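The residues of the chain are indexed from 1 along the displayed sequence. Because the structure is a prediction, the values reported are computed rather than measured.
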Amino acid sequence: MIDYIKGELAELTPTQAVVEAGGVGYALGISLFTYSALEGRREARLWVVEVIREDAYTLWGFATREERSLFLLLTSVSGIGGATARVALSALSPSEMVGAISRGDERVLRGVKGIGPKAAQRIIVELRDKVLGLDVAPEQRAGSIDKELRDEAVAALTMLGFPPAPSRKAVVRLLEGDPRMKVEQVIKAALKML
């Protein structure tokens with residue numbers, strides 16, 4: 001079993017990272033969360049999940065052990081495969097995912113492409129107790145951030161062609177610094193950061 005791969009980051013797209021280690025290029029499927037963690041880096045260490053089936057051999061890579069643990073929990077739920085788990089971990093950060101599951105927030109989970117009402121219920125029922133054991137930090141200062149303002153600024157940046165994960169990260173950082181900012185100010189400041 002491969003625990004992690006460490007080496008030169010040969011290629012990086014929002015859905016895949018190629019890490020060269022020992023003269024071999026390993027292609028790993030990644031989430032947007034991992035993509036934003038790797039952006040601008042030349043070397044990477046990705047925690048790995050191997051999926052070996054009769055018709056495919058797939059490697060999934062994660063920036064943190066916690067994200068890998070969440071991926072394994074999500075794929076343990078009937079009807080949730082690797083692709084859907086990756087979309088879920090791209091739409092929500094690990095802390096947001098843990099928060100939604102532990103609160104039983106079906107609406108947030110249904111907002112993820114590929115997760116319908118029944119799948120959202122299964123995830124909550126099967127994983128609510130299990131996610132509490134994960135070492136995932138809760139969303140920092142979530143109460144001080146206007147989520148509507150955050151979402152509006154991220155949507156505007158995405159429409160301007162910036163990837164959602166880095167846009168969200170920049171917007172959250174700005175709003176944590178000054179929660180009274182107006183959406184136009186947030187967008188202008190984020191454009192300088194991206």
Side-chain angles (χ1 to χ4, degrees), residues 9-19 27-42 44 46-47 60-64 66-68 70-71 74-75 80-101 103 105-117 119-120 123 136-194:
L9 191 56
E11 278 182 46
L12 182 65
T13 69
T15 58
Q16 181 175 291
V18 177
V19 178
L28 300 104
I30 61 171
S31 68
L32 286 175
F33 178 80
T34 294
Y35 173 75
S36 65
L38 294 177
E39 248 185 336
R41 293 177 48 193
R42 300 182 84 174
L46 294 177
W47 302 95
W60 298 99
F62 306 93
T64 65
E66 294 76 24
E67 186 186 16
R68 177 176 67 177
L70 263 175
F71 179 88
L74 287 168
T75 56
I80 306 294
T84 303
R86 172 180 41 191
V87 170
L89 291 169
S90 293
L92 303 169
S93 71
S95 61
E96 290 171 325
M97 179 65 69
V98 167
I101 294 169
R103 287 190 314 270
D105 196 339
E106 216 179 291
R107 183 186 56 78
V108 169
L109 296 174
R110 283 195 328 258
V112 174
K113 184 179 182 196
I115 298 181
I123 289 169
V136 175
E139 271 188 90
Q140 295 180 347
R141 291 178 257 170
S144 66
I145 295 176
D146 181 343
K147 292 186 182 203
E148 196 173 307
L149 175 70
R150 177 198 65 195
D151 294 345
E152 187 178 344
V154 171
L157 291 165
T158 305
M159 286 173 38
L160 290 171
F162 293 94
S167 299
R168 181 183 177 85
K169 198 177 203 178
V171 168
V172 168
R173 190 177 309 138
L174 287 165
L175 289 174
E176 284 177 343
D178 183 3
R180 297 177 313 252
M181 290 178 83
K182 300 210 180 313
V183 71
E184 303 84 23
Q185 294 171 311
V186 173
I187 293 167
K188 284 179 185 177
L191 286 171
K192 294 174 186 170
M193 295 170 70
L194 296 170

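Scanning both residues, A100 and V108, for their nearest heavy atoms gives CB-CG1, 3.8 Å. When every heavy atom of I80 is checked against every heavy atom of A85, the shortest pair comes out as CG2-N, 4.1 Å. Across all their heavy atoms, F162 and S167 have their closest contact at CB-OG, 3.4 Å. Between G61 and I30, the closest heavy-atom pair is O-CG2, 3.6 Å. Contact record, L46 with A63: CD2-N, 4.2 Å, taken as the closest heavy-atom pair.
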Discussion item. Walk me through whether R42 and L9 qualify under side chain to side chain contact (heavy atoms under 4.5 Å, CB included).
Written reply: CA-CA 5 Å; R42 300 182 84 174; L9 191 56; 5.9 Å; no

Worksheet item: For L175 and R150, what are the C-alpha separation, side-chain angles and deciding distance, and is it a side chain to side chain contact (heavy atoms under 4.5 Å, CB included)?
Response: CA-CA 8 Å; L175 289 174; R150 177 198 65 195; 3.9 Å; yes

Worksheet item: Between M97 and L74, does a side chain to side chain contact (heavy atoms under 4.5 Å, CB included) hold up when you go through it step by step?
Response: CA-CA 10 Å; M97 179 65 69; L74 287 168; 4.3 Å; yes

Item to complete: Show your working on side chain to side chain contact (heavy atoms under 4.5 Å, CB included) between V19 and E11 and close with a plain yes or no.
Response: CA-CA 7 Å; V19 178; E11 278 182 46; over 6 Å; no

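Separating the CG atom in L32 from the OG atom in S93 is a distance of 12.0 Å, to the nearest 0.5 Å. For the atom pair CG of L109 and CD1 of I115, the computed distance is 6.0 Å after rounding to the nearest 0.5 Å. Atom-to-atom distance recorded for F71:CZ and T34:OG1 is 10.5 Å, nearest 0.5 angstrom. We find the NZ-CD distance between K169 and E39 to be 8.5 Å, quoted to the nearest 0.5 Å. One finds the CD atom of E67 at 5.0 Å from the CG atom of L89 (value rounded to the nearest 0.5 Å). One finds the CZ atom of F62 at 8.5 Å from the CZ atom of R68 (value rounded to the nearest 0.5 Å).
Considering only residues two or more places apart in sequence or on other chains, D105 meets the salt bridge (Lys or Arg N to Asp or Glu O under 4.0 Å) condition with R103. With sequence neighbours excluded, no residue forms a ring-ring contact (aromatic ring centres under 6.0 Å, His included) with F33. Partners of R110 according to the salt bridge (Lys or Arg N to Asp or Glu O under 4.0 Å) rule, which considers only residues two or more places apart in sequence or in another chain, are E106. The side-chain hydrogen bond (donor to acceptor under 3.5 Å, both in side chains) check on E152 picks up nothing, with sequence neighbours excluded. A10 pairs by the side chain to side chain contact (heavy atoms under 4.5 Å, CB included) definition with V18, not counting sequence neighbours.
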For a quick test of your reading: what N or O donor-acceptor pairs under 3.5 Å do the side chains of residues 181-194 make, sequence neighbours left out?
{"unit_1": "Q185", "atom_1": "OE1", "unit_2": "K182", "atom_2": "N", "d": "2.7"}

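For the pair P166 and S36, the minimum side-chain heavy-atom distance is below 4.5 Å.
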